[in-house]
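Only one structure is covered here, and it is reproduced in the block below.
One is the number of the first residue; the rest follow in order along the sequence. As the structure lists them, so they are numbered: ligands from 1, and atoms in each ligand from 1. Just so you know, these numbers come straight off a predicted model, no measurement behind them.
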Amino acid sequence: MSGSGFGYGKLILCGEHAVVYGHPAIAFAVDLRTEVTLTPCPGPTSVWARPDDSRLLEAVKTLLGEEGHEVRIVSSLPLGRGMGSSAALGVALVRAAADLAGEDLDPDSTYRRAMPCERIFHGNPSGLDVAVSIRGGCIHFTRGEPPSLLPLRPGPWRVVVLDTEEVGDTAALVASVAAGRPGVDPTLHAIGALVGRCVDSLGDARRLGPLLTENHLLLAALGVSTSHLDDLVRLALEAGALGAKLSGAGGGGVAFALADSDRTTEQIREAAVQRGVPHHVCRPVGSRGAP
Ligand code: PMV
């Protein structure tokens, strides 16, 4: 007998960092995910994981206890790149445990149970990654207990994810923004205001694109971008992207570029290939409450 579960990976369309301080944000699930299989077994809990991360065992033990499980984790998400790998792990673990217990878990209970795992990795997470990892689709999120969630309907755009192959330390970056307050508060406020404009432009990539680039510039002003991320944003815009930004905490990780046609997507992909940048084309996947 075993139990299984999965969590979606995500990109943040607009609003990272500001969301930690109660401003809204928009995120969407992507077609990369983490899958967990749990098998009861006597003795200490053991973990087999691809790819592996030293904090996995702590996360697993926090959620499942020290004894009694063999845990198999397989993820197509790159770790520490702003694509929500830790949230997807927590969600997949919680779902696998519920599956093993024969429990039908609703999204709110999944959220409450997965957040302790996210705190191991991030210290003070807003909960955005966990919410989108559970629900899929594209969501408008505001931090709270419980958070406020609104499913959104994105237009027919897609994104090209561009990977720096560098790991960003989310907890350290969130702490560095916290240390900059109240000086950085106007920038956080400007990011929050941009989210409202993105909601209104979600169906029109030509209006949405420049807002994403503006979000990137505000994140750079916060000090969480890197020259490598700025370079990938420039590469995307020069290749014809409608907008581009880093996603997640920054300090490495990924940027993504917005495209509204096969032609633009291909141009961005081609520019990435020429510069040897690992990339991935995706669209929002899943929907609210999807298993
Ligand atoms: O780097 P990621 O994928 O963990 O995203 C972090 C997003 C932040 O807004 C910076 C932090 C948070 O908890 O929302």
Just by distance, do the side chain of R269 and the backbone of Q267 share a donor-acceptor pair under 3.5 Å? no

Are any side-chain N or O atoms of S133 and backbone N or O atoms of V130, one a donor and one an acceptor, separated by less than 3.5 Å? no

Tell me the protein heavy atom at minimum distance from atom 4 (O) of ligand 1, and give that distance in Å. H122 CE1, 2.8 Å

Out of all atoms in ligand 1, which are within 4.0 Å of some heavy atom of E16? Include the element for each. 9 (O)

Taking atom types as modelled, is there a side-chain donor on S86 or E118 under 3.5 Å from an acceptor on the other? yes

Between ligand 1 and E118, can you find any atom pair, the residue atom being a heavy atom, that is separated by under 4.0 Å? no

Side chains of D163 and H280: is there a donor and an acceptor less than 3.5 Å apart? no

Among all the protein's non-hydrogen atoms, which is closest to atom 2 (P) of ligand 1, and how far away is it? D129 OD2, 3.6 Å

Going by the atom numbers of ligand 1, which of them fall below 4.0 Å from some non-hydrogen atom of K10? 2 (P), 3 (O), 5 (O)

Assess the pair W157 and F256: is the distance between their ring centroids shorter than 6.0 Å? no

Closest non-hydrogen protein atom to atom 8 (C) of ligand 1, residue and atom name please, with distance? H17 N, 3.9 Å

Shortest protein contact, atom 13 (O) of ligand 1 (heavy atom only): S126 N, 2.7 Å

Only heavy atoms count here, so choose which of L11, L219, V20 is nearest to atom 11 (C) of ligand 1. V20

Is M83 reachable from L258 through a run of I, L, V, M, F, W or Y residues, each pair having side-chain heavy atoms under 4.5 Å apart? yes

I'd like to know whether D106 forms a side-chain hydrogen bond (donor to acceptor under 3.5 Å, both in side chains) with S109, so could you lay out the CA-CA distance, the side-chain angles of the two residues, the decisive distance to 0.1 Å, and finally the verdict. CA-CA 6 Å; D106 64 44; S109 308; 2.9 Å; yes

Measuring from the heavy atoms of I12, does anything fall under 4.0 Å of ligand 1? yes

Chi angles and distances behind the salt bridge (charged side-chain N to carboxylate O under 4.0 Å, His left out) call for E70, R72: CA-CA 7 Å; E70 203 173 85; R72 193 183 157 85; over 6 Å; no

Select the closest option to atom 6 (C) of ligand 1 among A249, G250, G251, S85, judged by heavy-atom distance. A249

Once you restrict to heavy atoms under 4.0 Å, what part of L173 touches ligand 1? Side chain, backbone, both or neither. neither

Show the atoms of ligand 1 that are less than 4.0 angstrom away from any heavy atom in G82. 1 (O), 2 (P), 3 (O)

Considering only heavy atoms of T170, which atoms of ligand 1 have at least one such atom less than 4.0 Å away? 1 (O), 2 (P), 4 (O), 6 (C)

Ligand-side contact atoms (ligand 1) for residue partner V19, heavy atom cut-off under 4.0 Å: 9 (O), 14 (O)

Under a 4.0 angstrom heavy-atom cut-off, which atoms of ligand 1 come close to G84? 3 (O)

Going by distance alone, is a donor N or O of one side chain under 3.5 Å from an acceptor N or O of the other, for D230 and S227? no

Under the side-chain hydrogen bond (donor to acceptor under 3.5 Å, both in side chains) rule, what do T34 and S75 come out as? Steps first, then yes or no, please. CA-CA 4 Å; T34 298; S75 184; 2.8 Å; yes

